[in-house]
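Order of listing sets the numbers, starting from 1, for every ligand and every atom in it. Nothing here was measured: the structure is a model prediction, and the numbers come from that model. If you read the sequence from its start, that first residue is 1, and numbering goes on from there.
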Amino acid sequence: MAKVYVDQDACIGCEACADALPDVFAMEDGKAKVTNAEGASLEEIKETAETCPTEAIKVEE
Ligand code: SF4
């Protein structure tokens with residue numbers, strides 16, 4: 001299973017990922033966290049990772 005996480009130092013809290021995939025990402029203390037890596041397809045998660053302005057979303061396969 002792929003490992004999905006948010007680099008807490010890189011995240012600027014723009015909320016784009018949590019808006020796009022609320023079943024995967026949630027905001028906590030101004031940063032995004034992965035709440036459920038299986039809340040969307042890996043393809044959707046990768047697409048969302050590409051929209052992150054700081055490339056904070058990491059996907060390791
Ligand atoms: S899209 Fe990137 S910078 Fe924005 S909240 Fe998500 S992880 Fe943080």
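The line from CD1 of I57 to CD of E47 is 12.0 Å long, rounded to the nearest 0.5 Å. K3 contributes atom NZ, which lies 12.0 Å from atom NZ of K58 (distance to the nearest 0.5 angstrom). Rounding to the nearest 0.5 Å places CE of M27 at 5.0 Å from CD of E15.
Nearest protein neighbour of atom 3 (S) of ligand 1, counting heavy atoms only, is I12 N, 3.4 Å. Ranking protein heavy atoms by distance to atom 5 (S) of ligand 1, first place goes to E15 N, 3.3 Å. Shortest contact from atom 4 (Fe) of ligand 1 to any protein heavy atom: C14 SG, 2.3 Å.
Counting all heavy atoms, side chain and backbone alike, A32 lies closest to C11 at N-SG, 3.4 Å. The nearest pair of heavy atoms linking G39 to V24 is C-CG2, 3.6 Å. Nearest approach of Q8 to K31, heavy atoms of both residues: O-NZ, 3.0 Å.
Applying the 4.0 Å criterion to heavy atoms of A32 picks out, from ligand 1, the atoms 5 (S), 6 (Fe), 7 (S). Taking every heavy atom of C17 and a limit of under 4.0 angstrom, the matching atoms of ligand 1 come to 1 (S), 5 (S), 6 (Fe), 7 (S). Less than 4.0 angstrom separates some heavy atom of C11 from each of these atoms of ligand 1: 3 (S), 5 (S), 7 (S), 8 (Fe). The ligand atoms of ligand 1 that sit less than 4.0 angstrom from a heavy atom of V6 are 7 (S). Each of the atoms 7 (S) of ligand 1 lies under 4.0 Å from some heavy atom of I57.
Atom 6 (Fe) of ligand 1 has no N, O or S atom of C52 under 2.8 Å away, backbone or side chain.
Looking only at side-chain heavy atoms (C-beta outward), L21 and T48 come within less than 4.5 Å of each other.
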